[in-house]
Amino acid sequence: MNENTEGSLHKPAALRALSERGVVIPAPEQVAIGREVPLEAIAAGAVLHPFCRISGANTRIGAGAVIGQLGPVTLKDTVCGPGTVLGCGEAEDAVFLGKELDDPSHSTGYGFRVRRGCIYEEDARSAEHTDTKMTILFPWVTLGSNINWCDLLMGGGTGSDDFSEVGSGAIHFNFTPRGDKATASLFGHVPGGVFLNQPRLFLGGNGSFVGPLRADFGAVTVAGARQVGSLKPGLNPSGPPPSSAVVESFQLEAYGSIKRTYDSQICYIGALAALEAWYSQARSLLAAGDNALQALYEAGRAMVALNIAERIVQLAGLAGRMERSLALIAQRTPGDARLAQQRALLEGWSGIEAALRAYATHHEPLPKALGQGLEEAAASHGRVYTRVIRALPAAAVAAGGEWLSGIEARVASPELLAAVPALGDGG
C-alpha cells in the first residue's frame, strides 16, 4: 500500500461510515486503509488504533479484534478472527483464529512479525519481538520473546493452564548451509493434537532446534540446549557437537545421507494433508450456518494448503541440488553408497511430486461418529471451538484420530517413502 498515491486509500467519509456502524477508530486521520480492502470485511466492534496500515483484498477483521493495542500495526492480506489482539508489528498472508479466553493477553506482543503462511489458532500467542513464517500454532501454544520460529507445526496442551510453550530466545533453524529449506519440523502431531488432549511440550529458552526435527508430545528441553533429530517424552539432553570426522569430511555442496530429511518432509506433508481435511470437514461442520465463521475457517484451510505447496517446492529444491552433490561425491568416492540414494531423489522427483500433489488433495469423508460428536458438542457449547472439541465423546475422538492417521499414512505411504532408499538398502 502506498499512502502517497492519490486515490489509493479509502476516503475519510468511508472511515466515518465504519465508525457509524460500530468499528472503533479513535483517530481516523491516523489510520490508512487501502481501497482494495472491502470495508464490510471489518466487523462492528473491531478496534483500529492510530497508525494502523491495512491493505490487501483478502484482509478481514472480526468483531472484538483490536489492532495496534501497543503501537503501529501493518496488515496485508491477513485475517483476524474475533477477539484477536495485535500489539505492534506487521502481518502478511496470515490467519489468526482469534481469542476465546476472557483475559487481557495479546495474540501478539510488541515488535511481532508474522509472515506468509502462518496460522495462530484459538488463543495461540506470542510475546515481544517474535518472527514466524509458515508456522502453525494449535490452540494455547505460547511463544516467549525474541524468538525466530519458522517452518513448523506445534500443538500440545489441554487448556489455558496447560499449554505448550517455547522459552524466550529460542530459534528453529530452517535454512541449511547448503541453501535448502527442506527443514520443516513437527512439534507434536495432528491426529492427536487437534483433539486438545495431549501432553504439553516445554522447550527451554535460548534453545536451538535444527530442522527437520520431530518432537513427541510431552517433550521437555532445558534452557540453552541444542536439539537435532527427535525429541522424546520427558527430559531431552542437549545434542552432541559434530564429530571431528564429520567436520573434516564436510563439503558444502556434497550432501550426506538424505533419507531422514526426505522422510521427514513427506511425513510433514502428510500431517498438513490431515490438517487440511480437519479444516475442510470438521471445522466447516462446526461453522455451518455462520457465514463469518465459515469464511474464517476457510481462510485457515487455504493457509494449510499454502503450507503444503511450500513444502513441495522446498523438497523440489532439495532434489534439484542432488545433481551437483552427485558430481562431487562421484569425483571423490566413486563407490559411495550415497550416489544411488541421491540419484533416486533426483531422477524420481517428478513421480514423487505428482504423487504428493494427488495424495495431499484427496481426503476420505468425515467419519459418522466424529460428525455426530461434533454436532452434539456444538449443541451444548455453541461456537466456542476449544470447548466443543474438549467435550467430544471418546468414540468421536477415536474415530477422528483413525481418520486423520489414515490420511497421513496415505500421503506418507510405504511406497513413497521407499522411493529414496536408506543407505543400507542398496543405496
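Here, residue 1 is the first one in the sequence, and each next residue gets the next number.
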- Step by step, would you call Y268 with L153 a side-chain contact (heavy atoms from CB on, under 4.5 Å)? CA-CA 9 Å; Y268 194 90; L153 181 151; 3.6 Å; yes
Side chain proximity check, [X] to [Y], heavy atoms < 4.5 angstrom:
X: L75; Y: C52; answer: no
X: H106; Y: Q69; answer: yes
X: L203; Y: V220; answer: no
X: F138; Y: V194; answer: yes
X: I147; Y: T132; answer: no
X: L272; Y: V411; answer: no
X: L48; Y: I33; answer: yes
X: F175; Y: D151; answer: no

- request: With side-chain contact (heavy atoms from CB on, under 4.5 Å) as the test, would you mind laying out the steps for T108 and V73 before giving the verdict?
  value: CA-CA 11 Å; T108 61; V73 165; over 6 Å; no
Under-4.0 Å salt bridge between [X] and [Y]:
X: D180; Y: R178; result: no
X: K133; Y: E310; result: no
X: E253; Y: R332; result: no
X: D77; Y: R116; result: no

Atom [atom1] of [X]: over 12 foreign heavy atoms under 6.0 Å:
X: E323; atom1: CD; answer: no
X: Y110; atom1: OH; answer: no
X: Q251; atom1: CD; answer: yes

Passing option when Y255 is tested against L326, L318, I329 for side chain to side chain contact (heavy atoms under 4.5 Å, CB included):
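Single pass found, and it is L318.
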Any donor-acceptor N/O pair, [X] side chain to [Y] backbone, under 3.5 Å:
X: K181; Y: G317; value: no
X: Q198; Y: F217; value: no
X: S325; Y: R321; value: no
X: T135; Y: W149; value: yes
X: S238; Y: R226; value: yes
X: T78; Y: K76; value: yes
X: N236; Y: G234; value: yes
X: W403; Y: E364; value: yes
X: R390; Y: T158; value: yes
X: S164; Y: G155; value: yes

Review point. According to the interplanar angle, ranging from 0 to 90°, do the rings of Y297 and Y385 count as parallel (below 30°), tilted (30 to 60°) or perpendicular (above 60°)?
Key: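 Judged by the thresholds at 30° and 60°, the geometry between Y297 and Y385 is perpendicular.
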Anything under 30° is parallel, anything over 60° is perpendicular, the rest tilted; go ahead and classify F209 against F187.
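Because their plane-to-plane angle is over 60°, the rings of F209 and F187 count as perpendicular.
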Reported [atom1]-to-[atom2] distance for the pair [X] and [Y], which is rounded to 0.5 angstrom:
X: Q342; Y: I258; atom1: CD; atom2: CD1; value: 5.5 Å
X: E298; Y: Q294; atom1: CD; atom2: CD; value: 7.5 Å
X: S126; Y: L143; atom1: OG; atom2: CG; value: 5.5 Å
X: R113; Y: E92; atom1: CZ; atom2: CD; value: 9.0 Å
X: I407; Y: Y359; atom1: CD1; atom2: OH; value: 14.5 Å
X: D336; Y: Q331; atom1: CG; atom2: CD; value: 13.0 Å

One pair to check against side-chain hydrogen bond (donor to acceptor under 3.5 Å, both in side chains): T84 and Y120. What are the steps and the verdict? CA-CA 10 Å; T84 300; Y120 283 47; over 6 Å; no
Regarding [X] and [Y], is there a side-chain donor-to-acceptor distance under 3.5 Å anywhere?
X: T221; Y: Q227; value: no
X: H172; Y: S185; value: yes
X: T386; Y: E100; value: yes

Minimum heavy-atom separation for [X] to [Y], with atom names?
X: C150; Y: N174; result: CB-ND2, 3.6 Å
X: A274; Y: E408; result: CB-CG, 3.9 Å
X: I308; Y: A360; result: CG2-CB, 4.0 Å
X: A65; Y: G81; result: CB-O, 4.0 Å
X: L296; Y: P82; result: CD2-CD, 4.0 Å
X: P212; Y: A184; result: CB-O, 3.5 Å

ask   = R383 and E122: salt bridge (charged side-chain N to carboxylate O under 4.0 Å, His left out), yes or no, with the steps?
value = CA-CA 12 Å; R383 304 286 185 179; E122 291 82 357; over 6 Å; no
For W278, enumerate each residue passing the ring-ring contact (aromatic ring centres under 6.0 Å, His included) test, keeping only those at least two apart in sequence or located in another chain.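 W278 satisfies ring-ring contact (aromatic ring centres under 6.0 Å, His included) with F195 only.
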task: Give the C-alpha distance, both sets of side-chain angles, the deciding distance and a yes or no for side-chain contact (heavy atoms from CB on, under 4.5 Å) between Y279 and I119.
output: CA-CA 12 Å; Y279 270 84; I119 306 173; 3.7 Å; yes
**Request:** Could you give me the CA-CA distance, side-chain angles and deciding distance for Q341 and V420, then say whether side-chain contact (heavy atoms from CB on, under 4.5 Å) is met?
**Result:** CA-CA 6 Å; Q341 185 191 68; V420 171; 3.7 Å; yes
